[in-house]
Amino acid sequence: MTPTTVAIQAGDPLSHAGVTSQLRPRPEITLMEWDAAGVPPEVVVVVVDTVDEDTLRTLRHIQRTSTCRTVLITTAIDEQKLVSAAECGVAGVVRRSESTPEHLVHVIGTVARGEGHLPADLLGRLLEEVGRLQNQVLGPRGLHVNGMTTREIDTLRLVAEGYDTADIAAKLGWSERTIKNTLHTVMSRLHLSNRSHAVAFAMRQGWI
């Protein structure tokens, strides 16, 4: 099996040395230096005590300047900071207390394959936080966590049910021009070729 290339970023030399000593002997991992201007690693492991603004700034920089995926090792993290970290491209989270070499290698491999990893209790709290954001913040503004508006989802749902533009406009109380513009906006933003493609995409995403 080809080793996963990994770079480590830590807030202090001791943390950097500790994670390096855990990963260096592992044949599944090839360690390399972080160099945003050079060839990026497949995974960057960021080691911090807490997820503060400096941490989020580091994560955003990695997200903007490279194609690598990010694993975050942290002492403590709550659901709100978890949402912020996810927005900054973090695909895996490991608590320091659980960061054994075996577990780290497992999480790094999972993230390198394009999947994600969260501690089980954090996953449940994340889902609760996403639900709260939807109900209290996004919902009243006609938005959804998937970036779609209520109008867009309602329109796609009715298209999926076989209604034409005039019928959809009548059911939703909008003009036909508004419905056409809504569909055009969705297809342009998501690079979809036609209405059937848009409906199929929305169904695969679980939006309708």
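Not counting sequence neighbours, Asp12 has no partner by the salt bridge (Lys or Arg N to Asp or Glu O under 4.0 Å) test. Listed by chain and number, the residues in a salt bridge (Lys or Arg N to Asp or Glu O under 4.0 Å) with Arg26 are Glu28, Glu102 (sequence neighbours excluded). Thr110 is linked by a side chain to side chain contact (heavy atoms under 4.5 Å, CB included) to His106, Arg113, Glu115, counting only residues two or more places apart in sequence or in another chain. When the side chain to side chain donor-acceptor pair (under 3.5 Å) test is applied to Thr30, no partner is found at least two apart in sequence or on another chain.
Of all heavy-atom pairs spanning Thr155 and Ile168, the tightest one is O-CD1, 4.2 Å. Contact record, Gln22 with Pro101: NE2-CD, 3.5 Å, taken as the closest heavy-atom pair. Annotation for Val44 and Cys68: closest pair CG2-SG, 3.3 Å, computed over non-hydrogen atoms. Shown here for Arg69 and Val111, the closest heavy-atom pair between the two residues is NE-O, 2.5 Å. Considering every non-hydrogen atom in both Ala112 and Val43, the closest pair reads CB-CG2, 3.9 Å. When all heavy atoms of Arg96 and Val48 are compared, the pair lying nearest together is NE-O, 3.3 Å.
Checking side-chain atoms of Ser21 against main-chain N and O of Gly18 turns up a donor-acceptor pair under 3.5 Å. Looking only at distances, no side-chain donor or acceptor of Gln9 sits under 3.5 Å from a matching main-chain atom of Val46.
The closest side-chain heavy-atom distance from Leu156 to Leu183 is below 4.5 Å. Within the 4.5 Å cutoff, the side chain of Leu23 has heavy atoms near those of the Val105 side chain. Between Thr178 and Leu172, every side-chain heavy-atom pair lies at or beyond the 4.5 Å cut-off. Between Val71 and Val6 there is no side-chain heavy-atom pair separated by less than 4.5 Å. Side-chain contact check for Thr58 versus His61: every heavy-atom pair is 4.5 Å or farther apart.
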Checking side chain to side chain contact (heavy atoms under 4.5 Å, CB included) for the pair Asp54/Arg57: CA distance, chi angles, key distance, verdict?
CA-CA 5 Å; Asp54 286 340; Arg57 193 175 301 112; 2.6 Å; yes
Would Ile77 and Leu72 count as a side chain to side chain contact (heavy atoms under 4.5 Å, CB included) here? Give the steps.
CA-CA 10 Å; Ile77 187 170; Leu72 178 68; 4.3 Å; yes
Stepwise side chain to side chain contact (heavy atoms under 4.5 Å, CB included) check, Arg195 with Thr165 = CA-CA 11 Å; Arg195 293 189 179 196; Thr165 302; 2.6 Å; yes
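The ring pair (Phe, Tyr, Trp, His ring centres under 6.0 Å) pairs that include a residue from residues 84-105 are His103-His117, where partners are two or more places apart or lie in different chains. Here salt bridge (Lys or Arg N to Asp or Glu O under 4.0 Å) pairs that include residues 172-186, with residues two or more places apart or in two chains, number zero.
We find the CG-CZ distance between Leu59 and Arg64 to be 11.0 Å, quoted to the nearest 0.5 Å. Atom CZ in Arg60 sits 9.5 Å away from atom CD in Glu87 (nearest 0.5 Å). Rounding to the nearest 0.5 Å places CG of Asp167 at 4.0 Å from CG of Asp164.
Hydrophobic clustering of Ile, Leu, Val, Met, Phe, Trp and Tyr side chains at less than 4.5 Å, counting indirect connections, unites Val90 with Val51.
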